[in-house]
Every structure is written in C-alpha cells, then in structure tokens.
2 protein chains.
Amino acid sequence: MAEEQKKDSKQRIFDAAVSLFARKGFSAVGIREIAKTAHVNISMINYYFGEKVGILKAIIDECYDKYYRAIHDCGGEATLREECVQRIIKNLIAFFRENTEIAMVSFNTIPVDIPAVLEIKCRWVAEERTMTTPYFREFGLNTDDPIQMNFIRGLLTTIITEHFRCRYTWEHIVQRAGTSHVMKNYLEHDAEMKYDDHFYEQFAELLTKFYIHGVRGISHQLQSNEK
Amino acid sequence: MAEEQKKDSKQRIFDAAVSLFARKGFSAVGIREIAKTAHVNISMINYYFGEKVGILKAIIDECYDKYYRAIHDCGGEATLREECVQRIIKNLIAFFRENTEIAMVSFNTIPVDIPAVLEIKCRWVAEERTMTTPYFREFGLNTDDPIQMNFIRGLLTTIITEHFRCRYTWEHIVQRAGTSHVMKNYLEHDAEMKYDDHFYEQFAELLTKFYIHGVRGISHQLQSNEK
DNA sequence: TCCTCAATCAAACGTTTGTTCGAGGTAATA
DNA sequence: TATTACCTCGAACAAACGTTTGATTGAGGA
C-alpha cells in the first residue's frame with residue numbers, strides 16, 4: 001500500500017522543519033528547503049502554518065509542553081528528596097532522548113528578535129519558576145536569596161541540555177568526517193561513544209550524586225554564614 | 001593616519017557584527033544591516049573580510065583565543081586544588097563579563113552547516129581536551145572512564161555560559177518591556193537583579209563550593225564502586 | 001446532478017540576499 | 001608631477017527569500 005508516506009502533509013512539514021531548524025537554525029532554512037524535504041508544495045506551508053514562524057511556534061509549543069510534563073512528574077511529595085532529584089533527572093534525560101531535535105530547536109533559537117517566540121518562552125519560564133520553588137525550599141535552600149536562586153535555578157536542565165547539544169553536534173560532525181584533517185584528529189580521540197541505555201544510567205547516577213552533593217555544599221555554606 | 005582609518009572601518013564592522021549576531025544569530029543578519037550599523041559602505045565588508053562568514057570566523061577566532069587564555073591561567077601546579085578551581089571560575093567569569101557578546105556569538109552559532117566554523121571549533125575542543133585532562137586526574141577522577149569524562153568535561157564552562165546566556169536574553173527582554181502582558185508579569189517577578197561585582201563574587205563562591213562538593217561526590221562514588 | 005470545501009498545485013509577486021565591479025578619492029613615494 | 005597603494009563609494013548582478021494568487025482535484029452531502 002506504500003503507506004509509509006501516509007503521514008499527512010502538515011506532519012511532514014513539521015518533521016522536516018524540526019530536523020532542518022535543529023541543524024541549521026531557524027533563519028538559515030528557507031521554506032523551499034522545508035517543502036522539498038517534506039515532499040510538499042511550497043504553498044502548503046503557509047496554508048497550514050500561516051507564516052514561516054508559525055512552524056517555529058508550533059515546535060516550541062510542543063516542546064515546552066512535553067518538557068513540563070517531564071519535570072512535573074517527580075513522584076509526589078511522599079518520596080525522599082534524593083529520589084525526587086533522581087526521578088527528575090531520569091525524566092529529563094528521557095525527554096531529551098525522545099525529543100532531541102525539537103529540544104535543540106526550542107532551546108537554541110534566540111528569541112529576542114522574534115517577539116512571538118519571546119512571549120512563549122517568557123510564559124513558560126514564569127510557570128517553571130512558580131512550580132519549582134517549593135522543591136528548592138524543601139531542599140534547605142534559602143529561596144529568598146536571589147543570588148542563590150539565580151545560581152541553582154535551571155541548573156539540572158542546563159547540564160542535561162548541554163550534553164545533548166554536544167552530542168547532537170558531535171553526531172553530525174561524525175557524518176561529515178573525512179573532509180578535514182582537523183576533524184579526523186578530533187574523531188580519533190574519543191573513538192565511538194555509545195549513547196545507549198547503559199550510558200544514560202551511568203550518566204543519571206553521576207549527575208544525581210554530583211547535584212545532591214553540590215546542593216548540600218552550598219546549603220551547608222548558607223547555614224554557617226547565617227549562624 | 002591611513003592605518004588608523006583602516007582599523008576604524010574594519011573594527012566598526014567587527015563590533016557591529018558582534019552585536020547583531022549575538023542578538024539575532026548569524027543567518028538572521030544581513031550585510032546591509034551590518035554596514036548600516038557600522039556606518040560603512042556595503043562593499044567594505046567583502047573588502048575586509050572576504051565574505052560574510054569571514055566576520056564570523058574572525059569573531060570566533062578572537063573569542064576562543066581569549067577563552068583559552070582565561071582557563072589556561074590557574075595559578076600553576078603549586079596551588080591547592082580548591083584554589084585552582086576557584087581561580088578558573090573567576091577567570092571564566094571575568095572572561096564572560098568582558099566578552100559577553102563575542103562569547104554569545106561563538107557559543108551559540110550552530111557550526112554543523114558552516115564547515116569553516118566547524119573546523120575552528122573542532123580544533124579548539126581538541127586543544128582543551130589535552131589541556132585539561134591532567135587537572136581531572138589530579139582531582140581523583142578516573143580519566144580513563146569515558147562516561148565520567150563525558151560528564152565532567154566542560155561542566156564549569158557550561159554552567160557559566162548558560163548564566164550569561166540567560167542574563168543576556170533577559171536584559172534584552174527588559175529593554176522591550178511594555179509590549180506584552182506576559183512579559184510584564186515576568187518582569188515584575190524578580191524585579192531588578194544587579195549583576196555587579198558583589199553578585200559575581202557570590203556567584204563564584206557558590207559555584208566553587210557546588211563544584212568541589214559535586215566532584216567529591218562522584219570521585220568518592222567511584223572509589224566505593226571499585227573497591 | 002449539483003454544490004461545497006478542504007487539499008494541492010504551478011506560477012508569479014515584489015523584496016532582499018551575498019557578492020562583484022569599476023570609477024573615484026587620498027596620501028605617501030618616486 | 002606622475003605613480004603607487006590603499007580606501008571608499010554607488011550601482012548592478014543573479015539567486016533566493018517569504019508570501020500570494022487563481023486554478024484544479026476529488027471526496028461527501030443534498
């Protein structure tokens with residue numbers, strides 16, 4: 001039946017745009033390239049998404065929706081705090097593994113000059129803020145200290161995001177290997193890293209230990225300062 | 001005299017491009033906009049930098065040059081390890097404070113589809129790798145464990161970079177306040193944060209404590225695992 | 001049979017893109 | 001004075017940009 005292409009046009013446009021935006025950035029991709037990749041007529045893009053940034057808005061919306069569902073589920077208030085951290089970390093890693101390209105687009109796109117995107121980001125950031133504050137308080141941090149909060153907020157997401165940013169870039173470099181001596185040298189150095197389940201189990205364990213010990217370090221410091 | 005005029009135009013182009021690229025991203029900025037901002041004729045850009053990406057290459061080159069000078073100076077091998085970490089953190093913060101926009105451009109630009117940029121990045125990453133490995137070994141980490149190295153490498157830079165990324169975006173949002181209710185709400189929430197010397201002293205102290213405790217956490221875990 | 005309507009298409013719209021070119025200007029050197 | 005080398009400029013180029021248009025298709029309801 002050749003139904004592999006039976007995905008409707010809108011979804012194909014969406015998927016093609018995600019992949020291209022992730023690799024090149026929003027402004028570097030033209031709608032003709034998207035249409036070509038999605039095997040769709042150019043006008044279909046404006047038909048379904050209104051304008052080019054309409055696709056971007058759709059991508060970011062979907063991304064943040066999934067993202068907040070990931071960090072929202074940390075096992076209820078009954079669980080131990082260490083388990084809560086571990087749960088969030090595992091959820092975040094799972095989220096990024098399943099939505100790598102969408103996340104790359106959403107977190108890499110500079111929002112300042114695209115007002116529509118800026119609003120979406122602001123809304124989500126404000127939401128995260130109110131959502132996560134109780135957790136930090138429970139962890140013994142002083143949530144009224146703006147500097148401490150500025151430091152600790154989003155730290156987990158930052159670390160995990162950067163890992164996937166590096167991994168994504170890296171895997172695209174590997175695909176283009178052979179064109180440059182410098183890159184060949186770089187490739188040889190850490191051979192082939194397998195980003196499989198085992199890797200991410202280890203990674204989650206490391207990050208959990210690191211984060212918990214780190215937070216203890218600064219919350220302990222706080223107590224001794226205020227004593 | 002003639003030489004100063006030359007440096008004037010070239011430097012003005014460079015500065016204008018840095019500012020615009022940082023705000024909008026490389027592809028979203030046209031050379032006419034750069035020329036206009038720099039008060040310079042369009043053809044001056046190709047005259048001095050050959051092509052548009054020539055500016056980008058110059059920016060990234062200068063950025064990584066300063067960046068590596070920053071992390072290279074950590075007080076010699078005689079200093080205590082804690083002091084070494086603190087020194088690197090302070091250097092990195094100083095670097096980012098003095099070169100915010102250059103760093104935003106260099107670290108935000110997606111290199112995958114701009115081969116010239118990709119090579120520069122690869123070269124620098126490989127260089128950092130060989131430079132920093134001894135430090136991690138000295139810290140009690142198992143530098144032969146690829147997962148642990150994958151986790152710990154570049155972590156300090158990641159955290160500090162993300163702070164400045166947020167700050168930079170934030171400050172541009174503030175400039176555009178008043179156009180949106182969502183953004184106004186967001187603005188009210190954490191009022192006006194002063195990113196002054198005092199802030200970064202506190203920030204450096206927090207990060208140092210956090211990092212050292214975190215590293216101890218995972219190196220201790222390693223020992224107990226292998227015992 | 002007629003009508004509706006969402007989906008799709010080729011073609012063209014007017015701008016804007018990065019780049020090139022040659023003519024002019026200026027100041028120091030020969 | 002003539003020559004040289006370095007800057008600067010306006011104009012022009014083909015290509016690509018995002019968007020719009022009007023026509024065509026085909027399935028579904030009346």
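By convention in this document, chain letters (A, B, ...) are assigned in the order of the sequence lines, proteins followed by strands, and residues within each chain are numbered from 1.
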Which nucleotide, [options], lies nearest any side-chain atom of [X]?
{"X": "Ile31(B)", "options": "dG18(C), dC9(C), dC7(D)", "result": "dG18(C)"}
{"X": "Arg32(B)", "options": "dG18(D), dT8(D), dG18(C)", "result": "dG18(C)"}
{"X": "Met44(B)", "options": "dC7(D), dG18(D), dT19(C)", "result": "dC7(D)"}

Just to confirm, is there a sub-4.0 Å distance from OP1 or OP2 of [N] to any side-chain nitrogen or oxygen of [X]?
{"X": "Asn41(A)", "N": "dA10(C)", "result": "yes"}
{"X": "Ser43(B)", "N": "dT8(D)", "result": "no"}
{"X": "Asn46(B)", "N": "dG18(C)", "result": "no"}
{"X": "Tyr47(B)", "N": "dT8(D)", "result": "no"}

Quickly work out the [X] [atom1] to [N] [atom2] distance and round it to whole Å.
{"X": "Ile45(B)", "N": "dT20(C)", "atom1": "CD1", "atom2": "C1'", "value": "14 Å"}
{"X": "Gln11(A)", "N": "dA7(C)", "atom1": "CD", "atom2": "C1'", "value": "17 Å"}
{"X": "Asp8(A)", "N": "dT8(C)", "atom1": "CG", "atom2": "C1'", "value": "14 Å"}
{"X": "Lys36(A)", "N": "dC9(C)", "atom1": "NZ", "atom2": "C1'", "value": "17 Å"}

Legend entry - Glu33(B) bridged to Lys36(B) by N-O distance under 4.0 Å: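 Salt bridge: no.
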Inset, instruction - Could you tell me whether Glu127(A) and Arg123(A) have a side-chain N and a carboxylate O separated by less than 4.0 Å? - result: no
Inset, instruction - Evaluate the ring planes of Trp124(B) and Tyr64(B), with Trp represented by its six-membered ring, and classify them as parallel (under 30°), tilted (30 to 60°) or perpendicular (over 60°). - result: parallel
Inset, instruction - Using the six-membered ring wherever Trp is involved, compare the ring planes of Tyr195(A) and Phe199(A) and label them parallel, tilted or perpendicular (cut-offs 30° and 60°). - result: perpendicular
